[in-house]
Amino acid sequence: VVCVVGEMFAKLTSLVSGASLPFTVGENKGAVWNWWSLYEGKMKQDGSSVSIFKAVIPVSDEAKLELARNSLKRLRGLKHPNIVSFRDSLESADRSNVTFYIVTEPVMTLAAFFSLDEMKGNGNSTEFLAWGLRAVVSGISFLTNECKLIYGSLCLNSVFVSHSLDWKLGIFDLLSEHGSLGKIHDPQPFMRGFSFVSSQYLPGEVHKKDWQALADAPEWAVDAWGLGCFIQEVFRGNAMTAVAELRELQAIPKVLTGDYQRLLSSQPQKRLNPAQLLERNSFFKTKLNDMLQFLESLILKDETERNRFFRGLKQVAPSLPSFLIQRKILPACLAAVEFGNVSSSALEAILDLLAYIQDDKYFESSVLPFLVKLLGSKDIFVRMTLLQSIHRFIEPLSTAMIESKFYPGMQHYFRDPDPRIRDQTIKSMSLLAPKMNQKTLNSSLLQHLAQLQRDPEAAIRTNTTVLISKISVYLGEASCKRILLNAFTRVLNDPAPSVRNAAILALKETSQYYSEEDVARKLIPTMAPLVTDPNPSVSVNSFQCLERNFEILKSYAKKREEELASMEPPSSSSGASGNGVSNPVSAGNTTNMPPPGAAVDSFTPNEDAGDIFGDEGDGWGDDGLDDMLQEQESSGARGDGGLSSLNDTVNQQMNELMVGNQVSRSAPQGQRKHIAPPRTSRKPMKLGATKRVSKTNDDAWGDLLSG
């Protein structure tokens with residue numbers, strides 16, 4: 001028989017062992033009432049947070065076992081806003097102990113709540129205590145007046161505070177039927193367990209065990225006394241230790257003193273009904289109480305009443321405790337508008353309340369889905385208001401939240417038909433970009449901005465250019481060098497002066513990303529025409545920008561001069577002429593040299609002359625020079641001497657290059673021939689500097705557009 005019983009206990013223990021529990025027991029928050037302790041926990045099914053009341057009672061202690069089972073049974077069957085919400089329960093046993101688990105919504109003891117930092121500040125005002133006390137009185141009134149029950153264990157340690165700051169009744173070990181108190185053969189839990197309650201919390205008739213007097217007294221007689229004790233503890237801030245402390249009235253508000261004394265009457269029939277306490281005492285009629293009571297039924301109110309409430313809430317929010325807004329008011333407001341249209345007054349009030357959020361987990365789980373839902377609204381007012389209010393909730397928005405939900409939900413705003421939405425989207429990105437990944441900025445955001453630089457609205461094009469400049473520090477140095485110069489120079493010719501000005505200022509702000517070659521070949525040639533811009537602001541700003549970049553080039557040129565000075569001078573050549581220019585014609589090769597005084601027309605250079613005038617150098621091609629000479633001839637025919645000096649300059653340079661050769665200038669202009677040597681290349685060379693072919697793709701901004 002012993003073996004069979006042992007096997008039964010072993011099987012039962014294995015069924016309810018820690019590994020098989022439907023919840024995880026976490027940190028122990030301490031003892032709360034007699035044999036009950038409070039633990040944090042999580043449900044294994046969905047990972048939600050819960051509180052776990054745990055009691056370990058010896059198998060031999062039948063009285064305590066019956067009371068613990070009564071608490072489990074009663075809490076499972078009671079549903080009321082001022083009673084802790086039941087989630088699950090479990091009873092397990094081994095050879096020596098029985099363990100009870102009662103799983104509820106997350107709660108903390110009232111004593112622990114009073115010790116929070118928030119309550120030590122402006123949170124423990126009289127109005128807030130009135131709100132919490134009202135909830136406890138309502139719960140006691142529900143049990144005594146409507147259910148005809150005796151709670152029997154009301155004190156500071158039997159009241160708990162939920163995450164939404166609602167004060168709720170917990171421990172139900174002594175909960176009993178009032179009508180059965182006089183039945184000695186069927187004692188109620190209160191009759192069997194009142195000895196476990198500290199004596200100061202029980203009236204005189206209970207100490208006398210006058211059960212018939214209790215049965216004849218009103219249902220609230222026992223709990224009215226307990227309510228008086230609870231009021232004393234709430235305003236003194238700690239638990240009572242003796243019944244004599246009930247005579248102390250210093251901490252109790254004067255408006256509450258009379259009813260407090262009636263609750264503690266020595267005659268059970270004269271004790272004040274908790275329901276009457278709520279109805280007639282002005283202590284509970286505060287603005288905060290009225291607001292929170294309305295908030296509890298907000299979802300049932302019509303649109304007019306709700307809008308009136310939200311307008312009033314917007315005005316009083318700054319005077320409310322921040323933790324009350326975050327944990328009580330805001331969740332109720334979000335629940336009220338979750339399944340309906342959001343009015344303008346409701347949206348503005350809710351967005352104002354977001355500034356008080358300090359719990360990142362709550363923001364991500366409850367507020368962020370609400371905001372993402374608003375992003376998809378078809379109401380332009382809702383979308384516009386949301387974009388204009390990003391600064392109110394940007395702080396709790398993390399990078400992960402923006403990348404995964406918020407930014408994807410607003411990408412279509414860049415292409416919104418309404419220009420006001422497009423413009424406000426650009427402005428809001430200056431707040432979001434610092435929290436976004438560099439990859440998203442370069443691959444997604446810049447593509448949208450490249451398209452917006454072509455927007456029909458000048459204001460949008462201007463703000464787009466300004467935004468690119470502002471977020472450049474988050475793009476990465478490589479992307480800035482590849483993109484910014486093209487992004488800004490492409491709008492320097494924009495018809496709107498504000499856009500041109502924005503581009504000039506952006507180029508000044510991002511000058512650290514441009515090399516000397518970029519400045520010389522791209523920036524200055526593109527910006528120089530703006531010095532004569534019809535708009536004075538554009539003209540002045542462009543000239544200032546050019547001055548700044550000329551200083552950069554001067555510094556660069558100075559460095560090159562220093563490099564040149566540090567180089568060793570080349571050794572002098574025996575064939576050098578007196579003017580320091582080497583003779584390009586070898587002394588031994590004089591067969592093709594023209595005699596002194598011969599005209600240029602009869603001069604035919606040898607192949608070595610190609611080293612000076614050939615295509616590989618920086619000299620002019622024959623076609624270009626011929627065009628120039630013909631133009632000079634035609635201008636000479638008109639009597640224009642403007643090009644004659646150019647002809648003289650060319651001939652002077654030719655004479656300096658070919659020392660010892662005299663070039664005749666008396667020949668008619670119309671009979672001049674090509675003076676450049678024959679070219680081996682068939683490709684004609686035009687007058688001017690050779691166009692540089694970029695080795696890299698300079699039009700990186702164009703790549704973004706095509707993408």
Side-chain angles (χ1 to χ4, degrees), residues 477-478 480-482 484-486 488-489 504 507-531 542-589 605-621 624-625 628 645-661 663 675-677 679 681 685-696 698:
E477 185 175 357
C480 290
K481 292 181 177 180
R482 182 173 59 93
L484 294 185
L485 188 58
N486 287 331
F488 297 142
T489 54
I504 295 170
L507 286 167
K508 291 173 63 177
E509 292 296 325
T510 57
S511 59
Q512 68 270 24
Y513 299 114
Y514 312 136
S515 65
E516 290 83 356
E517 183 179 2
D518 291 332
V519 172
R521 294 180 178 270
K522 295 182 180 179
L523 195 152
I524 291 178
T526 309
M527 187 176 292
L530 294 183
V531 176
S542 61
F543 184 75
Q544 292 175 353
C545 185
L546 286 172
E547 281 187 319
R548 182 174 180 177
N549 285 282
F550 278 132
E551 292 298 325
I552 295 175
L553 294 184
K554 285 181 180 179
S555 300
Y556 178 74
K558 187 175 182 181
K559 292 180 182 179
R560 300 310 300 268
E561 289 177 359
E562 293 174 355
E563 292 177 8
L564 184 61
S566 63
M567 296 173 59
E568 294 183 1
S571 58
S572 58
S573 175
S574 59
S577 61
N579 60 358
V581 181
S582 300
N583 191 347
V585 184
S586 174
N589 185 10
N606 59 14
E607 295 180 358
D608 293 337
D611 294 339
I612 301 175
F613 300 102
D615 294 337
E616 302 301 326
D618 293 330
W620 292 333
L625 183 59
M628 184 193 69
S645 61
L646 176 61
N647 183 39
D648 296 339
T649 303
V650 172
N651 289 331
Q652 181 181 356
Q653 293 176 355
M654 296 290 293
N655 290 332
E656 291 177 356
L657 290 174
M658 295 180 292
V659 179
N661 296 299
V663 181
I675 61 175
R679 293 182 292 110
S681 174
M685 180 177 291
K686 297 182 179 180
L687 179 64
T690 306
K691 182 179 179 181
R692 181 176 65 93
V693 179
S694 175
K695 297 181 180 180
T696 60
D698 290 333

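Atoms considered below: every heavy atom in the structure, side chains included; atoms not considered: hydrogens, waters and symmetry mates. It should be emphasised that the depicted structure is a prediction, and the values quoted were computed from it without experimental measurement. All residue numbers in this chain count up from 1 along the given sequence.
Within 6.0 Å of CD on Q544 lie more than 12 heavy atoms contributed by other residues, nucleotides or ligands. Counting non-hydrogen atoms of neighbouring residues, nucleotides and ligands closer than 6.0 angstrom, the NZ atom of K481 reaches no more than 12 such neighbours.
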Between E563 and K559, is the salt bridge (Lys or Arg N to Asp or Glu O under 4.0 Å) condition met? List the steps. CA-CA 6 Å; E563 292 177 8; K559 292 180 182 179; over 6 Å; no
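We find the OG1-CG distance between T489 and L507 to be 7.0 Å, quoted to the nearest 0.5 Å. A distance of 13.5 Å separates CG of L530 from CZ of F543, quoted to the nearest 0.5 Å. Distance NZ/K522 to CG/D518: 5.5 Å, rounded to 0.5 Å. The distance from atom OG of S515 to atom CG of L485, rounded to the nearest 0.5 Å, is 8.5 Å.
Among all heavy-atom pairs drawn from S542 and M527, the shortest one is O-SD, 3.7 Å.
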Ignoring hydrogens and angles, write down the donor-acceptor pairs under 3.5 Å from the side chains of residues 549-558, residues two or more places apart or on other chains.
{"unit_1": "N549", "atom_1": "ND2", "unit_2": "C545", "atom_2": "O", "d": "2.7"}
{"unit_1": "S555", "atom_1": "OG", "unit_2": "E551", "atom_2": "O", "d": "3.1"}
{"unit_1": "Y556", "atom_1": "OH", "unit_2": "R560", "atom_2": "NH1", "d": "2.9"}

